[in-house]
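A short worksheet on the structure shown next.
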Amino acid sequence: MLASWVLIAATPAVAFDFIVTRYDDPVPDGCLVADCSIREAVIAANVDLAADRVWLSAGVYQVNLAGSFEDNAATGDIDLVQNVEIVGAGATMTFIDGTGLGETPIATAGNLGLVTAIRNLTVQNSASSGLLLSTGTHTVEDCGFRDNGFGSTGPGIATTVQSVVTIRRTTVVGSAGVGLSVAQGSATVENSTFSGNGNQEIVLNFAAAFSCTHCTVLASDADPVLTVIGATASLANSIFAGACSAVSGGAINSL
């Protein structure tokens, strides 16, 4: 008796482009062609397993729908839980504004396999962090983070445990707290500027790895421009203007 075998080729996942067509932040009810907010676009991208893209044009996109601290982007912060890339028209033309939100406008909530990218836009006026990157691999390119945080807290960019982050050609200014916080994850920073942030410019807290190449980092007050706690900061072709501090086994390696 002959056995018959049917070979079924696996169909590769197809990525989609979601084009945002409105600038406000309504209660999400689907990303339609002529009626799609950035929140609705990300929710749609989160459903898909492929690496989708969310496209923003020039203008100010409000992210201010009151949140309940869930991780599905339905309210509050816009959670990236699947592989997704958010692309604007340029850091001086596309703005994500978190005025009145009370949470980080964009945050990742994923696993070790999560891959995200944020490109060509500015995040501003959040009462919390400008961007929160947790477990996964993340890229931030050609972006700005301006005037985020409240009082003396709220970093421009915060990264957490098991995050692998690459930051290129990005400016972080005016944060109420730290400009860049790297906690236990790793970060590679290139051609970027941190200046005028209210607390410190860069803080490494037991970071797995950190390097800064072609960076300009300027202290705005007497606080250290760089604090390294239990980690090693490798710096090359960069300007760090201000005091540096290395504690709890921390070290600064000048390349």
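All values reported here derive from a predicted model rather than from experimental measurement. Position 1 is the first residue of the sequence, and the numbers go up from there.
Atom OG1 of Thr160 sits about 8.0 Å away from atom CG of Leu133, to the nearest 0.5 Å. Summarising the geometry, atom CG belonging to Leu131 is positioned 6.0 Å from atom CD1 belonging to Ile118; distances are rounded to the nearest 0.5 Å. For the atom pair CG (Asn120) and CZ (Arg169), the distance works out to 8.5 Å, reported to the nearest 0.5 Å. Remark: Thr21 OG1 to Trp55 CH2 distance equals 15.5 Å, nearest 0.5 Å. For the atom pair Gln82 CD and Ile43 CD1, the distance stands at 13.5 Å (nearest 0.5 Å). Within the model, atoms CD1 of Ile78 and CD1 of Ile38 stand 4.5 Å from one another, a figure rounded to the nearest 0.5 Å.
At least one donor-acceptor pair closer than 3.5 Å links the side chain of Thr94 to the backbone N or O of Ala89. Side-chain atoms of Asn148 come within 3.5 Å of backbone N or O of Ser126 as a donor-acceptor pair. Panel note: side chain Asp25, backbone Asn64; a donor-acceptor pair is recorded below 3.5 Å. In terms of modelled atom types and a separation under 3.5 Å, the side chain of Asn237 and the main chain of His214 share no donor-acceptor contact. In this structure, the side chain of Ser211 does not engage the main chain of Thr188 through any donor-acceptor pair within 3.5 Å. Between the Asn46 side chain and the Asn72 main chain, no donor and acceptor come within less than 3.5 Å of each other. Judged purely by atom type and a 3.5 angstrom limit, Thr108 has no side-chain atom pairing as donor or acceptor with the backbone of Leu80. Although no hydrogens or angles enter the test, the distance criterion places no donor-acceptor pair under 3.5 Å between the side chain of Asp79 and the main chain of Val81. Not a single donor-acceptor pair under 3.5 Å links the side chain of Arg146 to the backbone N or O of Gly174.
Put simply, Val140 and Val178 are part of two different groups of oily side chains (I, L, V, M, F, W, Y) that touch within less than 4.5 Å, one to the next. Cluster membership check: Val173 does not share its hydrophobic cluster with Phe95, using side-chain heavy-atom separations under 4.5 Å among Ile, Leu, Val, Met, Phe, Trp and Tyr.
Of the options Asn197, Leu180, Ile202, a side chain to side chain contact (heavy atoms under 4.5 Å, CB included) to Val172 is made by Asn197 and by none of the others. Tested against Val225, the residues Ser195, Cys244, Ser245 include a single side chain to side chain contact (heavy atoms under 4.5 Å, CB included) partner, Cys244.
In this structure, the side chains of Leu114 and Thr135 stay at 4.5 Å or more apart for every pair of heavy atoms. Within the 4.5 Å cutoff, the side chain of Leu235 has heavy atoms near those of the Leu226 side chain. Using a 4.5 Å heavy-atom cutoff, the side chains of Glu40 and Asp29 are in contact. At least one side-chain heavy atom of Ile86 sits less than 4.5 Å from a side-chain heavy atom of Val42. Here the side chains of Phe240 and Pro224 are not in contact, with every heavy-atom distance at 4.5 Å or above.
Summarising the geometry of Asn199 relative to Ser152, their closest heavy-atom pair is ND2-O, 3.7 Å, with the distance given to 0.1 Å. Nearest heavy atoms, Asp52 versus Phe16: OD1-N, 2.6 Å. For the pair Gly151 and Ala176, the tightest heavy-atom approach, listed with the atom from each and the gap, is O-CB, 3.5 Å. Scanning all heavy atoms of the two residues, the minimum distance from Leu65 to Leu101 falls at O-CD1, 3.4 Å. Taking all atoms of both residues into account, the shortest heavy-atom contact from Arg53 to Asp17 is NE-OD1, 3.0 Å. Considering all non-hydrogen atoms of both residues, Glu103 and Gly76 come closest at OE2-CA, 3.5 Å.
In summary, the side chains of Ser134 and Ser163 do not present any donor paired with an acceptor at a separation below 3.5 Å, with no hydrogens or angles considered. Between Thr75 and Glu70, the side chains place a donor N or O and an acceptor N or O closer than 3.5 Å (distance only, hydrogens not considered). In summary, the side chains of Gln124 and Asp97 do present a donor paired with an acceptor at a separation below 3.5 Å, with no hydrogens or angles considered.
Residues Asp142 and Arg119 are not paired through a salt bridge, judged by the lack of any N-O separation under 4.0 Å between the basic side chain and the carboxylate.
At most 12 heavy atoms of other shown residues, nucleotides or ligands fall within 6.0 angstrom of atom CD1 in Ile239.
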